[in-house]
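Order of the sequence lines sets the chain letters (A, B, ...), proteins ahead of strands, with each chain counted from 1.
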Protein chains: 2
Amino acid sequence: MTSTRPLRADAARNRQLLLAAAAEEFARHGLDASIADIARRAGVGKGTVFRHFATKDDLLAAIVLDRIDALNTAGERLLHEADAGAALLEFLTIAARQRQQLDLSFLQEAGELNSEVGKVRAQMFHTVNRLVDRARERGAVRADIAGADIILLMCAPNYVASYVPDASPDLWQRYLAIIFDGLRPEGAHPLPHPPPVAEHGA
Amino acid sequence: MTSTRPLRADAARNRQLLLAAAAEEFARHGLDASIADIARRAGVGKGTVFRHFATKDDLLAAIVLDRIDALNTAGERLLHEADAGAALLEFLTIAARQRQQLDLSFLQEAGELNSEVGKVRAQMFHTVNRLVDRARERGAVRADIAGADIILLMCAPNYVASYVPDASPDLWQRYLAIIFDGLRPEGAHPLPHPPPVAEHGA
DNA sequence: TCCAAACATGACCACGCGGTCCGCTTTTGG
DNA sequence: CCAAAAGCGGACCGCGTGGTCATGTTTGGA
């Protein structure tokens, strides 16, 4: 389609600097991170930011895209793991660890970013569904759990842990373990509400 | 101490209007809710807002204070319930329902608001600790759960459910049930991380 | 070596924010 | 019924924001 010629050397370098700086700033200040701060951290003029990313949302989308894609790749790899239950737990662990080093939880409030993001996200949803199906079939998780549940619960451990200001950076592990215990078949009580319908087709 | 004479009739009315409007606006837009919008919703001038609450944070603190206090009252009542496990679940249900009708989750980012808020919050923490201790002694929850865990997990169901834009308003019930199953002794796996230290004494 | 195209820059713009202030209106108590 | 006190409104201020643009600088192929 729009086969763009390769970036000039300095432009490519600045783009990487910007992505790194933006990730850091977004992690620190959420959506309120300012373009000026990002530019400063990258050692670059403010105008340069907008040359690479037309809009603040575009910049955010570029970061989010990388994260979701990496998560999807990890998930697909885990599909071939022998122990389906362990594979699901491992996936959640990877997701939490990723989220710990760069908290993008605020993107909840961010409306549909890019259409590109939507596509990659749909892919990841599909991968998660397959991971969950496999785990459910082997009896590693309770029967009344859907893929959408895991996608939603994925972010909970970090969220919970983030309420403690000066906590150990590994505190999320505790809450992931608790939540995962709630997903196991042993001692499961019936759920009072059906799972949500998937938000994005496929 | 500072025994203030009672508010004038119109002032008292406006104060209530402001609190209601602010709650609604904060719920909708988080901390980014604007004073101007709050004033408009209350049918009041912007100056009036600052007459009642010196600062935006003070306004937020007033709202938060009510919520935490109500929660604490409910918790103290539940301390006298016969079934300690059911009492804890009921507490979490009340907390989630309250949070569902007014999401104040963003106050995570809000630093220490008021000293008043800190006091009431410490009281609530204490109440929760007693609820959890009781439930643990009766074997209703696993032995390795601390009061701080419940305080942290309290907000998780709403958070998780809020990721689905057009979900049923009761979706949180599903995730509260899952998480509570993870708190039960049956099928509990050892936790990989100790509980956090309480952030506020007592 | 040279030059056109690609890129970087930071002053600049319009805007919305939290917060202030003072002239005006409403309430209250005697 | 009336003055004094309390409350109200909204124009106004300074600031930081996302985004633009004209000007100057760097790059890379010929």
- Message: Rounded at 0.5 Å granularity, tell me how far CG in Leu183(B) sits from CZ in Arg136(B).
- Response: 11.5 Å
- Task: Find the distance Leu17(B):CG to dG9(D):P and express it as a whole number of Å.
- Result: 11 Å
- Query: Atom CG of Asp32(B) and atom C1' of dG16(C): how far apart are they, to the nearest Å?
  - Reply: 12 Å
- Query: Tell me: CD1 of Ile35(A) to P of dC13(C), nearest whole Å?
  - Reply: 20 Å
- The side chain of Phe50(A) lies closest to which of these nucleotides: dG18(C), dG19(D), dC8(D)? dG19(D)
- Rounded to the nearest angstrom, tell me the gap between atom CD in Gln16(A) and atom P in dA8(C). 13 Å
- Charged N-O contact under 4.0 Å between Asp133(B) and Arg130(B): no
- Atom-to-atom span, CG of Leu18(A) to P of dT9(C) - whole angstrom: 10 Å
- Calculate the interatomic distance between Leu31(B) atom CG and dG16(C) atom P; express it in whole Å. 20 Å
- Message: Does this structure show an ion pair linking Asp149(B) with Arg174(A), if we count only N-O contacts that are shorter than 4.0 Å?
- Response: yes
- Item | Residue Arg51(A), side-chain atoms from C-beta onward, closest of dG9(D), dG19(C), dC7(C) | dC7(C)
- Round to a whole Å and report the spacing from NZ of Lys46(A) to P of dG16(D). 12 Å
- Quickly work out the Phe53(B) CZ to dC8(D) P distance and round it to whole Å. 11 Å
- Note on the structure: The nucleotide from dC7(C), dG18(D), dG19(C) with an atom nearest the side chain of Asp10(A) is dC7(C)
- Looking across every strand, which nucleic acid part, if any, lies under 4.0 Å from Ala42(A) by heavy atom: base, sugar-phosphate, or nothing? nothing
- Message: By the 4.0 Å heavy-atom rule, please label Ala39(A) as base, sugar-phosphate, or nothing.
- Response: nothing
- Query: Between Arg142(B) and Asp181(A), is there a side-chain N and carboxylate O pair less than 4.0 Å apart?
  - Reply: yes
- Message: So, OP1 or OP2 of dC8(D): does either fall under 4.0 Å of a side-chain N or O from His52(B)?
- Response: yes
- Note on the structure: Residue pair Arg8(B)/Gly43(B) against DNA chain D: nearer the 5' end by closest nucleotide is Arg8(B)
- Item | Under-4.0 Å side-chain N/O to phosphate OP1/OP2 contact, Asn14(A) with dC7(C) | no
- Message: With a cut-off of less than 4.0 Å, is there a side-chain N or O of Thr48(A) near OP1 or OP2 of dC7(C)?
- Response: no
- Message: So Val49(A), base contact, sugar-phosphate only, or nothing? Heavy-atom distance under 4.0 Å.
- Response: nothing
- Could you give the distance from CZ (Arg97(B)) to CG (Leu176(B)), rounded to the nearest 0.5 Å? 10.0 Å
- Walking DNA chain C from its 5' end, the first of Ala12(A) and Ser34(B) to be reached, judged by nearest nucleotide, is Ala12(A)
